[in-house]
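Everything below concerns the one structure shown next.
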Amino acid sequence: VLASAGTSLPHELIMCPRPWVTRSGVDSSYAQVKEFLTRCGRKEAGDDYLLDMIKVTEGLEDLLLDSGASLFYDLFPCGVELAGNRITAVVFACKGGLVAVKVGTVVDCTHDALIVTLASGETRPRSSARTGLLARYSFLCNEQRSTPITVKGVPELENGQIVMHGPFGEFRMRLPIAESHFPESVYNLEARRIALKAARGTGLQYARGGNSLLMDPARRIVSRSRTGKLTLDSCRPEKLDNVWVCGPMADVEDELALSMVEPLAGPSFVPLLENVVKEQTGAFRTDGVLRLGTSSAKTTSGTASFKAVDPIYTTGKQITAQAGKLPVVATCDLVVVGGGTSGMPAALVAAKQGVDTILVEKFGDVGGTHTIGGVSKYWFGRETDFVGRLDRDAGRTMQETGMPKCMGMLDSLMRAGTRVLTHQLAVGAVVDGRRLSGVVVTTPNGLGVIQARCVIDATGDADIVARAGGGFTYGPRRDAMT
């Protein structure tokens with residue numbers, strides 16, 4: 001089983017998006033990878049080998065499915081089931097609620113070793129992170145330039161330049177380590193703030209930005225190795241028996257770990273791990289303890305509710321979650337779930353009126369179908385005065401920076417004081433009688449609660465209402481929406 005929080009593979013090339021590699025990286029890669037990427041090549045631009053993104057993502061899916069792998073998209077890891085030092089299941093938050101995958105072996109390919117963290121595996125800081133983390137944020141532009149674009153007055157921008165890779169502009173910036181329950185969101189918003197500042201005066205039109213950043217690692221696992229070299233033991237957490245870490249969170253020296261961030265730039269993990277995943281692990285154990293969150297000094301009244309529709313695919317088996325407490329990770333007057341064409345305006349208006357507002361959005365950008373979905377016109381053709389004001393507000397930023405509308409909308413939210421939490425999925429509701437006192441969201445440490453006086457469900461499918469046990473029906477057969 002391959003489970004991904006994104007909706008396309010591979011993450012670094014497609015979701016970021018950074019569809020380029022070096023020619024030398026392709027030539028030195030694993031034989032099957034080399035053959036595949038060579039077929040997906042589009043053209044060369046300087047030292048870059050540009051790839052056709054459609055060929056990459058569709059071709060990779062075909063390769064995986066032909067190999068017998070099962071693919072599951074849009075799954076956010078949020079818990080594990082442990083039996084001693086072994087993970088017996090991984091719990092995911094998704095559109096349908098909470099689901100679990102029973103496992104014999106786990107290869108943790110998340111950029112921050114999230115599965116290891118959820119299982120209480122130990123990590124330690126990297127010395128390379130003392131001066132901050134290098135983040136890479138990319139945009140598809142309306143033209144190609146062969147040389148970097150010099151930018152003045154933006155000290156966070158590495159070497160004061162926007163690096164060009166054919167039609168893609170790459171903002172490389174150094175960000176301080178985030179001390180937050182939502183570090184990915186902090187990095188995401190700070191990178192977009194810097195990009196907006198750097199884009200002014202470049203003369204480029206930025207058509208589409210990446211959903212995610214490519215980040216240097218802040219930490220490394222505590223492994224069974226003490227050599228700092230890439231070995232099987234340096235990928236294996238010290239206190240977990242059936243988990244291997246594949247990526248820059250492996251327990252290797254900083255220079256080697258940093259080389260693993262760029263696709264095909266570092267050494268391959270395939271020779272190390274190909275025998276591990278072939279090992280027979282025996283019958284699945286079912287006597288594990290489920291971990292979905294950590295304790296918290298903060299308390300809130302109510303009960304977390306995760307009522308949901310049945311998943312499309314199920315084995316018919318279940319894992320029992322024992323009663324416990326979830327941490328309160330944030331409090332506010334209003335939480336808006338969903339930053340699309342309804343949620344974004346709701347959060348903006350509330351914040352402008354002085355309401356302490358948190359907006360929860362599972363993608364890296366706001367605007368929903370209007371921006372990420374590419375629907376440039378309003379579906380029902382009713383552009384009211386209110387919508388016109390919102391568009392003009394975002395339009396000023398777009399005109400000054402050349403950035404797309406999602407960035408203009410995000411700038412409006414940030415200027416209004418909205419607390420925007422991107423890359424977060426709200427998977428449950430906190431029910432207190434007939435009222436909701438918050439929502440349950442995913443965090444790097446498991447599930448947590450955002451406590452709020454009021455909740456706006458702008459998910460598009462009334463997901464929070466459904467989680468809370470509210471009544472709903474399905475729409476017509478043509479869309480099957482709630």
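FYI, the numbering just counts along the sequence from 1. None of the values given here were measured: they were computed from a predicted structure.
- Of the inter-residue distances, the one linking F269 atom CZ with C109 atom SG reads 8.5 Å to the nearest 0.5 angstrom.
- Judged by distance alone, the side chains of T422 and N188 do bring a donor and an acceptor atom under 3.5 Å apart.
- For A250 against R220, the heavy-atom pair with the smallest separation is O-CB, 3.9 Å.
- By the neighbour-count criterion of 12 heavy atoms within 6.0 Å, atom NZ of K229 is sparsely surrounded, having that number or fewer from other residues, nucleotides or ligands.
- Looking only at side-chain heavy atoms (C-beta outward), P237 and V222 stay at 4.5 Å or farther from each other.
- The line from NZ of K34 to CD of Q32 is 14.0 Å long, rounded to the nearest 0.5 Å.
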Can you give me every donor-acceptor pair (side chain of residues 174-182, partner residue at least two apart or in another chain, under 3.5 Å) with its distance?
| unit_1 | atom_1 | unit_2 | atom_2 | d |
| --- | --- | --- | --- | --- |
| R174 | NH1 | G132 | O | 3.2 |
| S180 | OG | F182 | N | 2.9 |

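- Proximity of a side-chain donor or acceptor of T117 to a complementary backbone N or O of A113 within less than 3.5 Å is detected.
- Within the 4.5 Å cutoff, the side chain of C78 has heavy atoms near those of the L98 side chain.
- Counting heavy atoms from C-beta outward, V427 and L447 have side chains that approach closer than 4.5 Å.
- For the side chain to side chain contact (heavy atoms under 4.5 Å, CB included) with K362, the qualifying choice from T459, V441, D74, V337 is D74, the only one to do so.
- Atom OH of Y187 is separated from atom CG of L213 by 10.5 Å, given to the nearest 0.5 angstrom.
- Listed by chain and residue number, nothing satisfies the side-chain hydrogen bond (donor to acceptor under 3.5 Å, both in side chains) test with D52 (two or more places apart in sequence, or in another chain).
- Using a 4.0 Å cut-off between a side-chain N of Lys or Arg and a carboxylate O of Asp or Glu, R172 and E262 qualify as a salt bridge.
- Qualifying side-chain hydrogen bond (donor to acceptor under 3.5 Å, both in side chains) partners for E253, counting only residues two or more places apart in sequence or in other chains: none.
- In this structure, D66 places its CG atom where more than 12 heavy-atom neighbours from other residues, nucleotides or ligands lie under 6.0 Å away.
- Between the side chain of T110 and the main chain of L114, a donor-acceptor pair closer than 3.5 Å is present.
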Please evaluate residues D216 and S128 with respect to the criterion side-chain contact (heavy atoms from CB on, under 4.5 Å), reporting the C-alpha separation (whole Å), side-chain torsions for both, the decisive distance (0.1 Å), and the verdict.
CA-CA 9 Å; D216 280 356; S128 60; over 6 Å; no
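- Summarising the geometry, atom CD belonging to E35 is positioned 10.5 Å from atom SG belonging to C40; distances are rounded to the nearest 0.5 Å.
- A salt bridge links D365 to R192: one of the charged nitrogens lies within less than 4.0 Å of a carboxylate oxygen.
- No donor-acceptor pair under 3.5 Å is formed between the side chain of R86 and the backbone N or O of L82.
- Atom-to-atom distance recorded for C235:SG and L230:CG is 5.0 Å, nearest 0.5 angstrom.
- Closest approach of F171 to A198, counting heavy atoms only: CE2-CB, 3.9 Å.
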Check against side-chain hydrogen bond (donor to acceptor under 3.5 Å, both in side chains), T231 and D233
CA-CA 5 Å; T231 65; D233 278 346; 5.6 Å; no
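- The residues R18 and E170 are annotated as salt-bridged, a charged nitrogen and a carboxylate oxygen being separated by less than 4.0 angstrom.
- Using modelled atom types, no side-chain atom of D461 and backbone atom of D463 make a donor-acceptor pair closer than 3.5 Å.
- Using a 4.5 Å heavy-atom threshold, the side chains of W244 and L273 count as touching.
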side-chain contact (heavy atoms from CB on, under 4.5 Å) evaluation trace for I372 with R208
CA-CA 9 Å; I372 304 170; R208 186 69 180 265; 3.5 Å; yes
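- Of the possible polar contacts, one joining the T371 side chain to the V366 backbone as a donor-acceptor pair under 3.5 Å is found.
- Minimum interatomic distance between G367 and M409 (heavy atoms only, all atoms of both residues): CA-SD, 3.6 Å.
- At least one side-chain heavy atom of V420 sits under 4.5 Å from a side-chain heavy atom of L410.
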Walk me through it: do T369 and T341 pass the test side-chain contact (heavy atoms from CB on, under 4.5 Å)?
CA-CA 7 Å; T369 54; T341 50; 4.0 Å; yes
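- Judged purely by atom type and a 3.5 angstrom limit, R226 uses its side chain to pair as donor or acceptor with the backbone of S223.
- Between S185 and H423, every side-chain heavy-atom pair lies at or beyond the 4.5 Å cut-off.
- S28 places a side-chain N or O within 3.5 Å of a backbone atom of S24 that can act as its donor or acceptor partner.
- Smallest separation of non-hydrogen atoms from M164 and I149: SD-CD1, 4.0 Å.
- Under the 4.5 Å side-chain criterion, counting only non-hydrogen atoms from C-beta, V336 is not in contact with M344.
- Using a 4.0 Å cut-off between a side-chain N of Lys or Arg and a carboxylate O of Asp or Glu, R124 and E122 do not qualify as a salt bridge.
- Among pairs with a residue in residues 132-158, those fulfilling ring-ring contact (aromatic ring centres under 6.0 Å, His included) read Y137-F139, F139-Y206, at least two apart in sequence or across chains.
- Without hydrogens or angle criteria, R136 side chain to L134 main chain gives a donor-acceptor distance under 3.5 Å.
- Taking the ring centre of F306 as origin, the terminal cationic atom of R467 falls outside the region bounded by 6.0 Å and 45° from the ring axis.
- The two residues I464 and A426 have their closest heavy-atom pair at CD1-CB, 3.9 Å.
- Counting non-hydrogen atoms of neighbouring residues, nucleotides and ligands closer than 6.0 angstrom, the CD atom of E255 reaches no more than 12 such neighbours.
- A donor-acceptor contact shorter than 3.5 Å links the side chain of R126 to the backbone of R219.
- When every heavy atom of L37 is checked against every heavy atom of Y49, the shortest pair comes out as O-CE2, 3.8 Å.
- Ion pair R224/D251 not flagged as a salt bridge, since none of the NZ, NE, NH1 or NH2 atoms sits closer than 4.0 Å to an Asp/Glu carboxylate oxygen.
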Only pairs under 3.5 Å count here: list side-chain donor-acceptor contacts from residues 150-163, not counting sequence neighbours, and write none if there are none.
| unit_1 | atom_1 | unit_2 | atom_2 | d |
| --- | --- | --- | --- | --- |
| E156 | OE2 | R193 | NH2 | 3.3 |

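- Salt bridge D411/K405: absent, no basic N to carboxylate O contact under 4.0 Å.
- A heavy-atom distance below 4.5 Å is found between the side chains of T123 and M249.
- Residues satisfying the side-chain hydrogen bond (donor to acceptor under 3.5 Å, both in side chains) criterion with Y30, sequence neighbours excluded, are absent altogether.
- Here E61 contributes atom CD and L2 contributes atom CG; the two are 10.0 Å apart, rounded to the nearest 0.5 Å.
- Judged by distance alone, the side chain of Q144 and the main-chain N or O of G166 form no donor-acceptor pair under 3.5 Å.
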